[in-house]
Amino acid sequence: MSKPSIPQGMRDFSSETVRKRNYIFSKIKEVFEIYGFQPLETPAMENLETLMGKYGEEGDRLIFKILNNGLNDPKNQEKAKDGFEKLLEGKSSKAITERALKYDLTIPFARYVAMNHGQLTFPYKRYQIQQVWRADRPQKGRYREFTQCDADVVGSNALINEVELAYVYHDVFTRLGLKEYCLKINNRKILASLAIECGDIDLLTNITIAIDKLDKIGIDKVKLELEQKGLNPSQINVIERYLNIIGSNDDQLSQIETLLGSNEQAQEGIKELKYILTHLNQINIEIDFTLARGLDYYTGSIFEVKAPASVQMGSIGGGGRYDNLTGLFGVPNIPGVGVSFGVDRIYDVMEEMQLFPQDLQISTKALFFNMGEKESEYAYKIMQELRKDGIACELYHELSKLDKQFKYAEKKNITYAVIIGSKEIEQNCAILKNLSSGNQENIPFNQLAEKIK
RNA sequence: GUGGUUGUAGCUCAGUUGGUUAGAGCACCAGAUUGUGAUUCUGGGGGUCGUGGGUUCGAGCCCCAUCAUCCACCCCA
């Protein structure tokens, strides 16, 4: 038998890691709940047609598809062969695969809303914390299975939702102690107007992909890429003037008004930005007109959260407004806006910046030493009393040298050692030793719980 | 999907131009120590050198393939 292994980009999480991850989840959940979001879970797999075509061409390629069962059944073999031919041609085939692992939480959520819009109370505010899967090559901060934490509001056009979600970001990162994060905002309408200003709305995708890279590759390479995409010098000139907008939020707003203010869409986008920013004067938020975000379905505000520059992680969260997501599933006129947290990346950032609290790893509070068969029977009864009081404790599993029992306690980060030997039984008390300070004292059995708590 | 990096004991890593029986530190186990975490000393167990082929009298080392890893691109959280 070959050595056991797990698939590429998948991970086991040790106890220590799970505790740290749970710490992040609990903070995020707390904030979601106090802003009035309700939990939702959807299945790991969706019908393939629910997912295909929603994330662009690249996205389709990265969806994990699940092979149908029963392909070897003689009844299905003709179909399966035809289907396989189709696959080889690069088309998809229901005969071979009709289910897939979910790629994000937003599309399954839209599917859920489309299926249940009759029952839901709008605006519907839901949060969802689940795994998603992408068949991407793993690298730093990128895994094939990772967890997203989303909060969305659907059924409301009000910009107050954007304001609320920005506060959600702020509150979560504040609670996690991740102070130097950077929340950026832009509006797709402004990007769209830039494309119109260049003479063709269809240029939007190419333009956004190129300018999104500005801080990574610099202005010259962005211009080169635009040139390669077939833009002419006067178009590139417009974009360059757009990219040269810098300064405080107010400065940037007045500059964009000068450049694109005559465009109706731009006016709308600018108005929205202004509204959101004036309601967010308590927190740090930066306009970034180069912010584009990949997903095609965004139509209004877009958000992105960058990790502190010192850790080189890039995006740890993102979101935005979409006008008609459920329209993809035949239910029109349900606009929405949402944000997402990349927990796995937040974990990596917090690990690197050492932001996890020390006391997360304390599991067992007290270890009862095993001093022999009779003694441990006695100790067991006392231990069960402590457990009734909610104190996590355990009895060392066999009679061993004290040295060994101490080492076990030390490794498991256990706070107290409780030693009950024949002497102690006679005196109706136990030795309670604090393993971090090294102090020990005799404690009557009936006071043990109180001392340990 | 494209390009590169790495893979030797539980962990971190040495290992010469291809040449006897593959090493170290840490960890683990036993003892010195029959009720208090240390230190020290003595002894011990552990490896199909990622996997599968090939070249060679001979491969941890060279070649091919494959899997995993990390990194960059694409894209993205």
Side-chain angles (χ1 to χ4, degrees), chain A residues 1-11 14 24 28 55-63 90 103-106 129-150 169 181 205 208-210 212-213 216-217 221 225 291-296 303-307 312-320 338-349 367 369-372 375 396 399-414 416-425 430-442:
Chain A
M1 210 174 79
S2 58
K3 280 185 184 169
S5 63
I6 51 175
Q8 186 176 41
M10 308 282 161
R11 296 160 298 161
S14 67
I24 299 175
I28 293 176
Y55 310 104
E57 211 175 303
E58 183 71 12
D60 283 356
R61 206 168 53 78
L62 298 179
I63 293 170
Y103 180 88
D104 72 354
L105 302 179
T106 307
I129 300 179
Q130 290 193 273
Q131 311 288 95
V132 303
W133 293 267
R134 296 185 188 178
D136 211 346
R137 277 274 182 93
Q139 57 177 283
K140 188 177 185 191
R142 180 182 296 189
Y143 310 96
R144 287 186 148 185
E145 178 182 48
F146 61 99
T147 307
Q148 287 192 330
C149 301
D150 281 23
Y169 270 137
Y181 77 95
T205 308
T208 52
I209 288 174
D212 198 31
K213 296 176 189 162
K216 220 171 182 178
I217 64 176
K221 285 194 175 169
E225 186 165 331
L291 178 63
R293 306 212 26 91
L295 295 171
D296 290 340
F303 295 106
E304 183 156 304
V305 184
K306 290 250 158 83
Q312 293 222 323
M313 184 58 77
S315 175
I316 54 175
V339 292
S340 180
F341 290 82
V343 176
D344 300 81
R345 286 189 181 176
I346 292 171
Y347 179 97
D348 290 346
V349 169
L367 178 70
F369 275 32
N370 194 319
M371 308 300 289
E375 290 87 343
Y396 196 78
L399 177 60
S400 298
K401 294 205 296 193
L402 290 196
D403 172 69
K404 212 175 156 181
Q405 306 198 34
F406 271 116
K407 278 185 178 163
Y408 175 80
E410 197 175 16
K411 273 189 185 161
K412 283 195 73 173
N413 218 347
I414 293 171
Y416 292 102
V418 179
I419 302 172
I420 301 172
S422 46
K423 269 188 259 166
E424 287 75 24
I425 293 174
I431 297 174
L432 181 67
K433 179 158 183 167
N434 183 318
L435 292 172
S436 48
S437 68
N439 297 333
Q440 68 177 49
E441 49 184 330
N442 282 312

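We name chains A, B, ... by the order of the sequence lines, and we start the count at 1 in each one. Basis for what follows: all heavy atoms, side chains included, without hydrogens, waters or symmetry-related copies. This is a predicted model, so every value here is computed, not measured.
A:N434 comes within contact range of at least one nucleobase, with a heavy-atom separation under 4.0 Å. Here A:G141 lies in heavy-atom contact (under 4.0 Å) with a base. Contact annotation for A:E145: no contact, since no heavy-atom pair falls under 4.0 Å across all strands. Within 4.0 Å (heavy atoms only), A:D403 reaches sugar-phosphate atoms of the nucleic acid but no base atom. Among the protein residues, A:S315 comes within range of the sugar-phosphate backbone only, with heavy atoms under 4.0 Å from sugar or phosphate atoms but none that close to a base. Looking at heavy-atom distances under 4.0 Å, A:G438 makes contact with a base. A:G319 comes within contact range of no nucleotide atom at all, as no heavy-atom separation falls under 4.0 Å. Contact annotation for A:Y143: base contact, defined as any heavy-atom pair under 4.0 Å involving a base atom. Note on A:I209: only backbone sugar-phosphate atoms sit closer than 4.0 angstrom, heavy atoms only; bases stay farther off. Across all strands, A:G421 comes closer than 4.0 Å to base atoms (heavy-atom distances). When heavy atoms are screened at a 4.0 angstrom cut-off, A:S422 is found touching base atoms of the nucleic acid. Using a 4.0 Å heavy-atom distance criterion, A:Q405 is classed as making no nucleic acid contact.
Close to B:C74, at under 4.0 Å from its OP1 or OP2, lies a side-chain N or O of A:K213. In this model, the phosphate group of B:C70 is not approached by any side-chain N or O of A:Q139 to a distance below 4.0 Å at OP1 or OP2. The shortest distance between the side-chain N/O atoms of A:K407 and the OP1/OP2 oxygens of B:A27 is not below 4.0 Å.
Summarising the base pairing, B:A68 is matched to B:U6 through a Watson-Crick or G-U wobble pair whose two defining distances lie under 3.5 Å. Remark: B:U40 base-pairs with B:A32. Criterion, Watson-Crick or G-U wobble with two distances under 3.5 Å. Across all strands shown, the partner of B:C62 is B:G54, judged by Watson-Crick or G-U wobble contacts whose two distances both fall under 3.5 Å.
To the nearest whole angstrom, the two P atoms, one in B:C64 and one in B:G3, are 14 Å apart. When the C1' atom is used for both B:G18 and B:G58, the distance is 8 Å, rounded to whole Å. Straight-line distance between the C1' atoms of B:A9 and B:C26: roughly 12 Å, to the nearest whole Å. For the P atoms, the distance from B:A22 to B:G46 is 13 Å, rounded to whole Å. With P as the reference atom, B:G23 and B:G15 are 15 Å apart, rounded to whole Å. Nucleotides B:C41 and B:G53, compared at atom C1', are 49 Å apart to the nearest Å. Nucleotides B:A77 and B:U6 are separated by 32 Å at their P atoms, to the nearest Å. Spacing between B:C67 and B:U51 at atom P, rounded to whole Å, works out to 15 Å.
Below 30°, between 30° and 60°, or above 60°: for A:F369 and A:F406 the angle between ring planes is above 60°, a perpendicular geometry.
A:F146 places none of its side-chain heavy atoms less than 4.5 Å from the side chain of A:V343.
Contact of A:R61 with B:C75 (side chain to base): no donor-acceptor pair of N or O atoms is detected under 3.5 Å.
Closest to the side chain of A:Q8, out of B:G35, B:U33, B:A68, is B:A68. Nearest to the side chain of A:E424, among B:G35, B:G1, B:C75, sits B:G35.
Checking A:R142 against A:K404, the closest nucleotide of RNA chain B that is more toward the 5' end is the one next to A:K404.
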